[in-house]
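To start, the structure itself, in structure tokens.
Because the structure is a prediction, the values reported are computed rather than measured. The sequence lines fix the lettering, A, B, ..., with proteins before strands; numbering per chain opens at 1.
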Amino acid sequence: MPELPEVETIKRGLEQRVLKRTFVDVWTDFKKTIKRPKNFEQFKKSLKDKRIQSVRRRGKNIILDLSQGMSLLVHQKLTGHLLYGKWRLKSGKWLPLEKGPLTDPMNRFLHLVFWLDNGDQLALSDLRKFAKVELWKTEDLERDEEFKKLGPEPLERSFDFEKFKAILPKKGKIKQVLMDQNVIAGIGNIYSDEILFEVRVHPEKDIAKLSEKNLEKIYSATQDILKKAIKLKGTSISDFRDIEGKKGLFEKKLKAYRRAGKQCFRCGGVIQRIKVGGRSAHFCLKCQVI
DNA sequence: ACAATATCCTGCGAGC
DNA sequence: TGCTCGCAGGATATTG
């Protein structure tokens, strides 16, 4: 599922591929993906002839800033990922024109396809159809309450340890706090597990009971792990692919996530899986003792 | 005021 | 073999 490193990987891919391109047309077989405007014909009409001027990431959101003060926001949610290439529609199914990564089964679930002015396409593959796409007036998006509520970017230069401490709530289970987009933007289930494994902190630990030293460790591990994952183009443990359709390499580095029942690389203990806030949490019972 | 739960989806693997 | 069932999960809505 795309978290900050995966979304950043997509963002960088888009910068290479779609910057300065213009939207020509759009197709979907699942109109519900388009949340704004609700009417698909209106969406299509508003998007037509808009040029992509810049690409941004905010938390797990991708934002394409367009000409005429418009912005296209894409949230890939669980299984969505944007792809760039050439396909043709054959009896309701999109087939890649060339052999290569785009033929990967995880890239087959195209529910939204944009035509660009160079003849190529930008597509959203989304197995579970949770992804959302919204077309905004840029200034309305910046003023939107939901959007403004997003917490700070963990990898921004200005996000130092003092700032990290300042934005933390008074109490709460550390895993849930790290995953709360309104506290810090971009961390999800995979990286929260990996960060807490790294610092030997139990996912249910109440942040009120964490020492300054341990908070600092969590802060640094967050930076290190997110940066390392971006370098490796993210984690593809189930469905994530970059815009060329290729897998990320960070899945090989996972030490906790989806390793339930396996041996801990650090102490040889067994990795546990429990539910924290309705989500699966993976950790080593033996060495994540703080 | 807050926290737990349901909702949206569908491929996959387990179990019968 | 082939069916049903439960699970996975980000963010939001709804219920407790």
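- The span of DNA chain C lying next to chain A, judged by atoms under 4.0 Å from heavy atoms, is bounded 5' to 3' by C:dA8 to C:dT12.
- Under a 3.5 Å cut-off, the side chain of A:Arg279 and the backbone N or O of A:Val276 do not form any donor-acceptor pair.
- Of the charged side-chain nitrogens involved, none lies within less than 4.0 Å of a carboxylate oxygen, so that A:Glu3 and A:Lys60 do not count as a salt-bridged pair.
- Within the hydrophobic cluster formed by Ile, Leu, Val, Met, Phe, Trp and Tyr side chains joined at under 4.5 Å, directly or through other members, A:Phe197 is accompanied by A:Ile271.
- OP1 or OP2 of B:dC9 has at least one side-chain nitrogen or oxygen of A:Lys32 nearer than 4.0 Å.
- For DNA chain B, the residues of residues 128-148 of chain A within the heavy-atom distance limit of 4.0 Å (strictly under) are A:Arg128, A:Lys129, A:Phe130, sorted by number.
- Applying a 4.0 Å cut-off to non-hydrogen atoms, the residues of residues 270-284 of chain A that approach DNA chain C are A:Arg273, A:Lys275, A:Arg279, A:Ser280, listed by residue number.
- Not a single donor-acceptor pair under 3.5 Å links the side chain of A:Lys253 to the backbone N or O of A:Leu249.
- Mapping A:Phe109 and A:Gln176 onto DNA chain B via the closest heavy atom, the residue that lands nearer the 5' end is A:Gln176.
- A:Arg56 and A:Ser71 make their closest contact through NH2-OG, 4.1 Å (heavy atoms, listed as atom of the first residue, atom of the second, distance).
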Would you list the atom pairs, donor with acceptor, under 3.5 Å between side chains in residues 111-125 of chain A and any protein atom, with sequence neighbours excluded?
| residue | atom | partner | partner atom | Å |
| --- | --- | --- | --- | --- |
| A:His111 | ND1 | A:Asp29 | OD1 | 2.8 |
| A:His111 | ND1 | A:Asp29 | OD2 | 3.3 |
| A:Asp117 | OD1 | A:Arg21 | NE | 2.6 |
| A:Asp117 | OD1 | A:Thr22 | N | 3.1 |
| A:Asn118 | OD1 | A:Asp120 | N | 3.1 |
| A:Asn118 | ND2 | A:Tyr84 | OH | 3.0 |
| A:Asp120 | OD1 | A:Lys86 | NZ | 2.8 |
| A:Asp120 | OD2 | A:Tyr84 | OH | 2.5 |
| A:Gln121 | OE1 | A:Trp87 | N | 2.7 |
| A:Gln121 | NE2 | A:Trp87 | O | 3.4 |
| A:Ser125 | OG | A:Met106 | O | 3.1 |
| A:Ser125 | OG | A:Phe109 | N | 3.3 |

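- Atoms CG (A:Asp126) and P (B:dC8) sit 16 Å apart, rounded to a whole Å.
- Scanning for salt bridge (Lys or Arg N to Asp or Glu O under 4.0 Å) contacts around A:Lys255 gives A:Glu198, with sequence neighbours left out.
- Classification of A:Lys175 and A:Asp193 as a salt-bridged pair holds, one side-chain N sitting under 4.0 Å from a carboxylate O.
- Relative orientation of the A:Tyr191 and A:Phe250 rings is tilted, given thresholds of 30° and 60° on the angle between their planes.
- Between A:Lys77 atom NZ and B:dT10 atom P the separation is 15 Å, expressed in whole Å.
- Ring planes of A:Phe164 and A:Tyr219: tilted class, angle from 30 to 60°.
- Looking at A:Lys233, its side chain never comes within 3.5 Å of a backbone N or O of A:Ile230 through a donor-acceptor pair.
- Computed from coordinates, the A:Lys35 NZ to B:dT7 C1' distance equals 11 Å when rounded to whole Å.
- Nucleic acid contact for A:Gln76: none, since no nucleic acid atom lies under 4.0 Å from a heavy atom of the residue.
- Spacing between atom NZ of A:Lys171 and atom P of B:dA1 amounts to 14 Å, rounded to whole angstrom units.
- Using a 4.0 Å heavy-atom distance criterion, A:Tyr257 is classed as a sugar-phosphate-only contact.
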